2 protein chains.
Amino acid sequence: MNIGQVSKATGVSLRMIRHYEGIGLMPSPDRRDNGYRDYPPRSIERLRFIANARDLGFSVDEISALLSLWDDRERASSEVKAIALGHAEDLARKSAALEAMRRTLLDLAEGCSGDARPDCPILAGLAETRQRPARELTAAKTKPRRVA
Amino acid sequence: MNIGQVSKATGVSLRMIRHYEGIGLMPSPDRRDNGYRDYPPRSIERLRFIANARDLGFSVDEISALLSLWDDRERASSEVKAIALGHAEDLARKSAALEAMRRTLLDLAEGCSGDARPDCPILAGLAETRQRPARELTAAKTKPRRVA
DNA sequence: ATGAACCCTGACATCATGTCAGGGTCAAGC
DNA sequence: GCTTGACCCTGACATGATGTCAGGGTTCAT
């Protein structure tokens with residue numbers, strides 16, 4: 001199959017199909033004499049897997065892990081479940097963070113008359129002091145980073 | 001004030017202070033003879049405003065709008081409130097989207113034994129057909145883009 | 001006058017994705 | 001055989017917020 005057909009079959013853009021190949025999520029397909037990528041039917045399944053996982057917000061690293069588990073017929077389902085549940089927690093955390101922002105915002109907005117008068121506690125609140133120190137001031141010797 | 005002092009006073013990194021200047025959120029400060037940026041005290045307030053707004057997830061465009069309203073003593077508080085509430089809705093939508101992903105994931109995980117056995121509905125679910133068409137297939141004549 | 005601490009600019013990297021450019025290839029119809 | 005349109009290839013640039021590194025001045029306290 002040509003890449004265009006694969007794209008239509010999976011709903012993944014040409015760009016991203018090539019991209020996933022570049023970053024190693026998809027194996028490099030054979031090439032025809034003219035240089036065109038020639039995909040086996042299996043590719044479609046794998047691409048769908050990747051696309052679905054992305055739609056669920058999995059990171060590339062997580063997808064990569066899920067794919068190797070998928071390729072491994074013998075792995076314990078507990079491994080898969082652990083990744084899934086871990087990601088679900090991530091999602092919950094992020095969602096909670098957004099909710100917290102929203103609450104703060106609504107609290108600020110509550111005091112705002114929202115009419116033609118100029119005084120507004122929202123702006124006042126935004127201008128208020130903060131003290132979340134800049135990275136540079138704290139990160140000094142803390143983190144080794146670069147693990148992923 | 002030198003940029004370093006402003007950074008300490010606001011918790012905004014040097015990098016970002018310069019960046020905000022570059023994208024026009026902060027006015028270019030005067031320069032001393034040696035080329036150092038020389039900030040007036042007002043800058044601190046404005047930077048705090050920007051940083052707080054960012055912490056609340058406002059986009060640069062929104063912040064920019066809020067800043068001009070802030071600069072305008074006469075504007076109606078309703079304008080500010082509209083931006084704030086609009087953003088709060090954005091946050092709600094995003095949060096809901098994350099929650100939806102989480103639910104889907106938990107639904108999938110529910111059927112997974114999570115033990116040593118290899119069969120796993122999570123992987124099966126991820127491999128399932130999808131049909132969210134790629135951008136390229138739909139976007140054809142839809143969007144004029146490039147407004148911001 | 002030497003070194004630490006500070007400042008400057010510019011460039012590169014991240015991540016997923018789009019888009020554009022410049023150039024081959026293939027198939028169908030004349 | 002030649003043209004045309006659809007398809008493919010690679011490579012590069014852009015986005016947004018932020019970090020980091022490099023290479024090079026400045027200031028100030030010892």
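What you see is a predicted model, and the numbers here were worked out from it, not measured in a lab. Every chain is numbered from 1 and lettered A, B, ... according to where its sequence line falls, protein lines coming before strand lines.
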Exercise for the section: Would you check if the side chain of A/Asp38 reaches a backbone N or O of A/Met1 as a donor-acceptor pair within less than 3.5 Å? Expected result: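 Side chain of A/Asp38 to backbone of A/Met1, a donor-acceptor pair under 3.5 Å: yes, one is there.
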Exercise for the section: Using atom types as modelled and distance alone, determine if a side-chain donor or acceptor of A/Thr10 lies under 3.5 Å from a backbone N or O of A/Val6. Expected result: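 Yes, A/Thr10 side chain to A/Val6 backbone: donor-acceptor pair under 3.5 Å.
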Taking only side-chain nitrogens and oxygens of [X], does any of them come within less than 4.0 Å of OP1 or OP2 of [N]?
X: B/Tyr20; N: D/dG16; result: no
X: A/Ser13; N: C/dT17; result: no
X: B/Arg54; N: D/dG16; result: no

Problem - N-O pairing of B/Arg117 and B/Asp115 below 4.0 Å - result: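 The answer is yes: the pair qualifies as a salt bridge.
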Exercise for the section: For the pair A/Glu99 and A/Arg102, find out whether any cationic side-chain nitrogen is under 4.0 Å from an anionic carboxylate oxygen. Expected result: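 So A/Glu99 pairs with A/Arg102 through a salt bridge.
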Exercise for the section: Could you check how far CD1 of B/Ile17 sits from P of C/dT9, rounded to whole Å? Expected result: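 One finds 13 Å between P of C/dT9 and CD1 of B/Ile17, rounded.
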Handout entry: Interatomic distance, A/Leu14 CG vs D/dC8 P [rounded to whole Å]
Key =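 After rounding, the reported distance stands at 7 Å.
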Exercise for the section: Could you tell me which non-hydrogen atom of A/Leu105 sits nearest to which non-hydrogen atom of B/Ala88, and how far apart they are? Expected result: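 For A/Leu105 and B/Ala88, the tightest heavy-atom pair comes out as CD2-N, 3.9 Å.
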Which nucleotide in the set [options] lies at the smallest distance from any side-chain heavy atom of [X]?
X: A/Arg15; options: C/dA16, D/dC8, C/dT19; result: C/dT19
X: B/His19; options: C/dC6, D/dC8, D/dT18; result: D/dT18
X: B/Ile3; options: D/dC8, C/dC7, C/dT17; result: C/dC7

Handout entry: Joint hydrophobic cluster, A/Ile44 plus B/Leu126, side-chain heavy atoms closer than 4.5 Å
Key =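 Cluster IDs for A/Ile44 and B/Leu126 match.
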Exercise for the section: Treating Ile, Leu, Val, Met, Phe, Trp and Tyr as nodes and any side-chain heavy-atom pair under 4.5 angstrom as an edge, say whether B/Leu85 and A/Leu108 lie in one connected cluster. Expected result: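 In one cluster with B/Leu85: A/Leu108, no.
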Exercise for the section: Using five pairs at either end of the helix from C/dA1-D/dT30 to C/dC30-D/dG1, determine the angle between the two local helix axes and round it to 10 degrees. Expected result: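 Axis angle across the helix from C/dA1-D/dT30 to C/dC30-D/dG1, nearest 10°: 30°.
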Practice task
Apply the test side chain to side chain contact (heavy atoms under 4.5 Å, CB included) to residues A/Ile83 and A/Leu69: give CA-CA distance (whole Å), side-chain angles for both, the deciding distance (0.1 Å), then the verdict.
Solution key: CA-CA 10 Å; A/Ile83 294 181; A/Leu69 293 178; 3.8 Å; yes
Practice task
Between B/Arg18 and A/Ile23, just flag the one whose closest nucleotide in DNA chain C comes earlier from the 5' side.
Solution key: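 The residue whose closest nucleotide sits nearer the 5' end is B/Arg18.
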Handout entry: Selection: residues 24-39 of chain B, any non-hydrogen atom under 4.0 Å of DNA chain C
Key =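 Those residues whose heavy atoms fall under 4.0 Å from DNA chain C, taken from residues 24-39 of chain B in numerical order, are B/Arg31, B/Gly35, B/Tyr36, B/Arg37.
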